[in-house]
Amino acid sequence: ASLSTLLFIMQLEKPARRIRIAYIAISALAVYAHFFAVLVLAAHFAVTLLDQGARKSRNAWIVDASVIAFLCIPAMVAAYGAGTTSISWIPPLSLHEAGSVFSDLAADSWVLFTAFVVAAIFVAFFPREGDGLTRTVFLAWLLIPIGLAGLMSLARPVFQSNYLIFCLAPLVLITSVAVFRVSHRIGQSALVLGLIGLCAIQLSRYYAHPSVQDWRRASLHVFQFERPGDAIVFYPEFAHKPFDYYARRFAPAYVPRNDSGPANRTWLMIRGSDARMHPDDVSRIQADLGKSATAIERSRFHLVDVELYVR
């Protein structure tokens, strides 16, 4: 998305056939890499509406977008065939969820988030001569995807930080613009050092308390103690993917039943983040398994819980 936007700016400033071809190719690849890159392309279209200098390129951009859409038909077909199961875990949009997303984009630091907001307001409402196209592009790149993701979430919740990760680039660029508008070098240096310090603090906290799910140890635990005929249940259902990965690596002969049918022993593997967001669903699965079996083991790994039910 970042390279696509750079090529978009280059094409608006100095149109050239090779840049146009590169823009189309990179934008199509961006959609294949991350479906939500479409929102960045929507931001590009918004620029052709908002920026006076870019309006003359609007028709050409529409042609480019049509070519990009044609190239992305296989991706759209695959996405339609996959359905929405993989995003069914996303909670409905709320002030709490929106705050969580914005906090993630600011490295879980509300001080850093406040700095980003102040910088965006400063750049948006106090333009300087010469800002022109880049200011419009940066603001559209940041605000349009966030706004569209919010609107989409009214129908199907998709407002998640990992889907809006490409908004980090304009956020940092806008902050950089705001910092270098400070007239005194000492002030600039102080702001840069302060931002670096805040980022360093959050980075150290991340490594001190990692949020990575430990599916490796959880899967190895099941492989070590499983018996022939064991069933296995995952919550959410698509949480079997990391387990399958480690099964291929460490237990290629292991073929789980992957159901909760009649079995003497049933493993329940729960992704911790989903258990916190949907405790009622987890309790219902545990109650269903507990009707005909007894939980004889509960093991906790980082953000992954493993339970064993025996008849």
Side-chain angles (χ1 to χ4, degrees), residues 1-14 19 26 30 34 36-37 39-40 43-44 46-48 50-54 95-96 98-147 149-150 159-212:
S2 299
L3 183 54
S4 172
T5 302
L6 173 60
L7 292 168
F8 173 69
I9 295 173
M10 293 171 63
Q11 177 65 9
L12 291 179
E13 291 181 339
K14 292 184 178 181
I19 296 176
I26 293 299
H34 195 312
F36 276 64
L39 301 184
V40 178
H44 295 173
V47 171
T48 66
L50 299 172
D51 187 84
Q52 185 174 0
L95 288 176
H96 177 268
S100 177
V101 170
F102 294 137
S103 176
D104 286 346
L105 292 176
D108 289 329
S109 169
W110 285 106
V111 177
L112 202 55
F113 174 75
T114 302
F116 287 153
V117 171
V118 170
I121 292 173
F122 184 58
V123 172
F125 293 100
F126 299 95
R128 283 190 177 181
E129 186 177 353
D131 284 351
L133 177 63
T134 53
R135 169 179 166 272
T136 305
V137 170
F138 290 168
L139 290 172
W141 186 5
L142 173 65
L143 300 177
I144 297 296
I146 290 176
F159 203 78
Q160 287 289 298
S161 55
N162 53 324
Y163 295 157
L164 296 170
I165 191 66
F166 47 76
C167 289
L168 273 178
L171 196 59
V172 172
L173 289 169
I174 289 170
T175 305
S176 301
V177 171
V179 167
F180 285 97
R181 281 188 180 178
V182 176
S183 56
H184 298 290
R185 287 292 180 90
I186 295 177
Q188 290 180 358
S189 300
L191 288 172
V192 170
L193 290 174
L195 290 169
I196 291 174
L198 287 171
C199 292
I201 290 171
Q202 296 309 115
L203 189 63
S204 64
R205 288 178 178 173
Y206 172 81
Y207 282 109
H209 305 285
S211 58
V212 178

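Just so you know, these numbers use all the heavy atoms, side chains as well, and skip hydrogens, waters and symmetry mates.
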I need the [X] [atom1] to [Y] [atom2] distance, nearest 0.5 Å.
X: L203; Y: I196; atom1: CG; atom2: CD1; answer: 12.5 Å
X: F8; Y: L3; atom1: CZ; atom2: CG; answer: 14.0 Å
X: I19; Y: I26; atom1: CD1; atom2: CD1; answer: 12.5 Å
X: D51; Y: T134; atom1: CG; atom2: OG1; answer: 9.5 Å
X: L112; Y: S103; atom1: CG; atom2: OG; answer: 10.0 Å
X: W141; Y: L39; atom1: CH2; atom2: CG; answer: 13.5 Å

Indicate the atoms forming the closest heavy-atom contact of [X] with [Y], along with that distance.
X: F138; Y: L173; value: CE2-CD1, 3.7 Å
X: A1; Y: V40; value: CB-CG2, 3.9 Å
X: S161; Y: D104; value: OG-OD2, 3.0 Å
X: L133; Y: E13; value: CD2-CG, 3.8 Å
X: H44; Y: S4; value: CE1-OG, 3.5 Å
X: P127; Y: R135; value: CB-NE, 3.6 Å

Can you confirm whether [X] sits close enough to [Y] that some side-chain heavy atom of one is under 4.5 Å from a side-chain heavy atom of the other?
X: S109; Y: I201; answer: no
X: F159; Y: L164; answer: yes
X: Q202; Y: L198; answer: no
X: S2; Y: F166; answer: no
X: L139; Y: L50; answer: no

inquiry  = Between F102 and I146, is the side chain to side chain contact (heavy atoms under 4.5 Å, CB included) condition met? List the steps.
reply    = CA-CA 10 Å; F102 294 137; I146 290 176; 4.1 Å; yes
query = ring-ring contact (aromatic ring centres under 6.0 Å, His included) with F126: which residues, sequence neighbours excluded?
reply =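 Partners of F126 by the ring-ring contact (aromatic ring centres under 6.0 Å, His included) criterion, ordered by chain and then number, come out as F122.
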message = Counting neighbours of CD1 on I186 that are heavy atoms of other residues, nucleotides or ligands and sit closer than 6.0 Å, is the number greater than 12?
response = no
ask   = With distance as the sole test, does S100 use its side chain to make a donor-acceptor pair with the main-chain N or O of H96 at under 3.5 Å?
value =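 It does not hold such a pair.
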